[in-house]
There are 2 protein chains.
Amino acid sequence: MPPTRSRGRLSRDVVVHAAIELLDEHGERGLTFKLLTEKLQTGAGAVYWHVANKDELVTMATDQVIGTALAGLSAEPGTDAETRIRALALAVYDTLDLHTWAAPHVTAVHTMPHTMLLLERIGGLLAETQLPAGRHFAVATAIFIYLTSVTAQDAGRASAAAPGTTRDDLLRQEAQQWAALDPQTFPFVTGIAADLGNHDDRDQFLTGLDLLLDGLRSQVSATSDPAKDQVILAEGDTSRPHDADLARADMTERRRQIAGR
Amino acid sequence: MPPTRSRGRLSRDVVVHAAIELLDEHGERGLTFKLLTEKLQTGAGAVYWHVANKDELVTMATDQVIGTALAGLSAEPGTDAETRIRALALAVYDTLDLHTWAAPHVTAVHTMPHTMLLLERIGGLLAETQLPAGRHFAVATAIFIYLTSVTAQDAGRASAAAPGTTRDDLLRQEAQQWAALDPQTFPFVTGIAADLGNHDDRDQFLTGLDLLLDGLRSQVSATSDPAKDQVILAEGDTSRPHDADLARADMTERRRQIAGR
DNA sequence: ACCTGAACACCGTTCAAGT
DNA sequence: ACCTGAACACCGTTCAAGT
């Protein structure tokens with residue numbers, strides 16, 4: 001792990017790690033150049049010598065967090081690829097849960113090193129399966145996008161809550177709000193208000209991930225020998241051109257309507 | 001549609017709609033009280049009389065955008081629930097694509113009126129299916145979370161791009177970066193670099209959504225009569241307790257490691 | 001009740017000057 | 001090459017004063 005000490009020579013790494021500490025402690029709003037320069041015992045210009053601006057600093061801090069999530073993963077050989085994909089996803093989920101400010105910034109798939117490495121890892125696991133190479137791109141990015149975006153959403157919700165309240169408190173509070181709604185206009189929401197109490201974001205994330213993986217598997221069995229049901233992530237047409245194209249035509253029209261309101 | 005005129009009486013609605021216009025025009029950074037008060041030809045205090053602060057203003061603007069997405073949807077009776085869920089999701093996707101600043105703020109499921117209405121709509125469509133009531137909560141929130149979070153991710157990526165470049169230009173540029181990577185450390189990413197060129201976020205979104213819906217359907221056929229394959233979104237155990245619990249135990253341990261670094 | 005607008009506290013960024 | 005720290009431009013929010 002790179003140095004976090006404030007004294008001595010400054011470097012990009014030192015600045016980024018100091019930023020991460022401030023972000024963890026005070027959230028995104030808490031990262032100011034005033035606090036940062038105090039922590040590093042230097043001037044603003046010194047920081048700007050190592051990073052272009054605050055945006056770049058937060059982006060690098062985010063990529064660093066992704067890096068620690070990947071570094072914490074052991075190869076665990078012997079287990080199948082799907083299990084390891086799930087473990088990889090959970091490692092990222094849990095790491096971002098500890099750095100809730102980072103999740104919304106995990107968007108630079110195509111540029112940041114550790115973020116690209118994450119996609120590389122997912123792809124490497126897919127390559128171990130019987131998935132045909134032609135579908136590697138679509139499936140890997142589907143998993144990547146689900147993983148990063150749902151994690152960001154959950155983490156954002158977590159960080160939006162008041163610092164004092166626990167998640168359980170918050171959910172119970174919200175469940176009461178749901179139950180108090182007008183059943184006429186919100187028949188569904190009022191009906192499931194009770195279920196909100198024992199809701200768990202992490203379980204939800206896992207469920208959705210499993211649905212994605214199951215969806216991939218089921219499209220196999222639909223088009224191939226049913227006896228091969230155990231085959232993981234094999235071929236199968238994933239999109240439904242007809243419906244999708246129709247819907248797209250609809251929406252392109254709607255897009256115009258909205259834009260020209 | 002509420003008044004957007006600047007002259008005359010001020011109101012919450014007028015302020016929110018002026019904010020939306022500024023957000024659409026200049027992005028989240030472009031919404032300043034200076035620009036807002038100029039547009040409304042008033043003072044800062046007047047705005048603060050109607051909204052608590054900037055955060056609340058952006059939240060209300062976001063909820064308003066969700067509202068327009070829902071308002072643009074016709075019931076289209078005669079089509080099945082799954083098709084209408086897909087149409088609903090696409091309407092939200094396309095609307096947020098026009099207001100990219102809004103997507104990351106669609107997190108207040110439990111409080112904002114239109115955001116809750118979105119969940120209510122999804123639930124209402126699920127209620128038309130043969131899905132048992134006990135699974136309504138889990139499935140509705142799974143769809144809701146996929147929809148809002150992936151949309152936010154896509155919109156965020158879109159708004160992060162330089163204003164001048166088109167999406168195609170950006171992708172071609174990024175594909176070149178991928179191809180230029182070291183094939184030793186990035187065998188997978190360099191291999192799929194070519195696929196990035198004709199990638200479409202919206203298609204990707206649809207594909208993932210279909211995978212989710214397919215996953216739900218396949219879990220039916222696994223546990224019930226194969227002849228009922230056409231049954232949409234019926235019962236079936238969605239989680240895999242064994243794997244999930246094991247992974248959870250692993251991760252709880254890892255969580256500690258990371259936290260105590 | 002609703003609005004005005006000056007004042008305040010704060011923050012990201014720059015830059016001439018140093019070593 | 002690397003750092004200092006004052007200065008600048010800007011921004012969200014407040015508040016005493018008006019109507």
Side-chain angles (χ1 to χ4, degrees), chain A residues 2-62 101-102 104-105 108 159-160 162-163, chain B residues 2-62 101-102 104-105 108 159-160 162-163:
Chain A
T4 322
R5 288 297 307 127
S6 47
R7 287 286 59 186
R9 208 148 193 77
L10 212 57
S11 75
R12 225 169 132 101
D13 251 28
V14 172
V15 173
V16 169
H17 280 268
I20 290 176
E21 283 182 29
L22 285 174
L23 286 163
D24 286 344
E25 203 173 344
H26 305 108
E28 184 142 9
R29 284 239 172 84
L31 176 62
T32 66
F33 277 81
K34 184 167 183 292
L35 280 178
L36 191 59
T37 50
E38 277 171 9
K39 192 182 192 66
L40 295 171
Q41 302 185 42
T42 183
V47 174
Y48 275 91
W49 178 260
H50 294 281
V51 302
N53 51 42
K54 193 181 176 182
D55 275 352
E56 190 193 279
L57 181 55
V58 172
T59 301
M60 290 192 305
T62 300
W101 51 268
H105 297 280
S159 67
Chain B
T4 323
R5 289 297 307 126
S6 48
R7 288 286 62 187
R9 207 146 192 79
L10 213 56
S11 76
R12 226 168 131 100
D13 251 28
V14 171
V15 172
V16 170
H17 279 269
I20 290 177
E21 283 181 28
L22 285 174
L23 287 162
D24 286 344
E25 203 173 346
H26 305 107
E28 184 142 9
R29 284 239 172 84
L31 176 63
T32 67
F33 277 83
K34 185 166 182 293
L35 280 178
L36 191 59
T37 50
E38 277 171 8
K39 193 183 193 64
L40 295 171
Q41 303 185 43
T42 182
V47 173
Y48 275 90
W49 178 261
H50 293 281
V51 302
N53 51 41
K54 191 180 176 182
D55 275 352
E56 190 192 279
L57 181 56
V58 173
T59 301
M60 291 192 304
T62 300
W101 51 268
H105 297 279
S159 67

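In this text the structure is predicted, and so the values were computed from the model without any measurement. Letters A, B, ... mirror the listed sequences (proteins, then strands); counts begin at 1. Just so you know, these numbers use all the heavy atoms, side chains as well, and skip hydrogens, waters and symmetry mates.
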inquiry  = For the CG atom of B:Leu23 and the CG atom of B:Leu57, what is their distance to the nearest 0.5 Å?
reply    = 7.5 Å
query = Looking across every strand, which nucleic acid part, if any, lies under 4.0 Å from A:Leu57 by heavy atom: base, sugar-phosphate, or nothing?
reply = nothing
remark   = Closest of D:dG12, C:dC2, D:dC2 to the A:Trp49 side chain is D:dC2
inquiry  = Nearest 0.5 Å, please: how far is CG in B:Leu31 from CZ in B:Arg29?
reply    = 12.5 Å
key: Closest to side chain of A:Lys54, choosing from C:dT13, C:dC3, D:dT14   = C:dT13
key: Of the listed nucleotides C:dC3, C:dG12, D:dT14, the one nearest the side chain of A:Thr32   = C:dG12
note = Taken to the nearest whole Å, NZ/B:Lys34 to P/C:dC10 is 23 Å
query = Separation of A:Glu38 atom CD from C:dC10 atom P, in whole Å?
reply = 12 Å
request  = Please state how far atom CG in B:Leu31 lies from atom P in D:dT13, giving the value in whole angstrom units.
outcome  = 11 Å
request  = Hey, which sits more toward the 5' end of DNA chain C by its nearest nucleotide, B:Gly45 or A:Gly45?
outcome  = B:Gly45
Nearest listed nucleotide, side chain of A:Tyr48, among C:dT13, C:dC3, D:dG12 = C:dT13
message = With rounding to the nearest 0.5 angstrom, report the NZ to OG1 distance, B:Lys39 to B:Thr37.
response = 12.0 Å
task = Might you point out which heavy atoms bring B:Trp101 and B:Glu28 nearest each other, and give the distance in Å?
result = O-OE1, 4.0 Å
inquiry  = Output the rounded distance in Å from CD (B:Glu28) to P (D:dC11).
reply    = 14 Å
note = A:Arg12 CZ to D:dC2 C1', in whole Å, measures 15 Å
query = So, do A:Val15 and A:Tyr48 sit near enough that their side-chain heavy atoms are less than 4.5 Å apart?
reply = no
task = Mind calculating the distance between CG (B:Leu10) and P (C:dG5) to the nearest angstrom?
result = 14 Å
note = Winner on side-chain proximity to B:Ala46, out of D:dG12, D:dC3, C:dC3, is C:dC3
ask   = B:Phe33 has an atom CZ; how far is it from atom P of C:dG5, in whole Å?
value = 17 Å
task = Select base, sugar-phosphate, or nothing to describe what A:Leu35 touches, counting heavy atoms under 4.0 Å on all strands.
result = nothing
query = Is there a Watson-Crick or G-U wobble partner for D:dA17 with both distances under 3.5 Å, and which nucleotide is it?
reply = none
ask   = Can you tell me how far C1' of C:dC11 sits from CG of A:Asn53, to the nearest Å?
value = 14 Å
message = So, OP1 or OP2 of D:dA1: does either fall under 4.0 Å of a side-chain N or O from A:His50?
response = no
query = Which base sits across from C:dC10 as a Watson-Crick or G-U pair, both distances under 3.5 Å?
reply = none
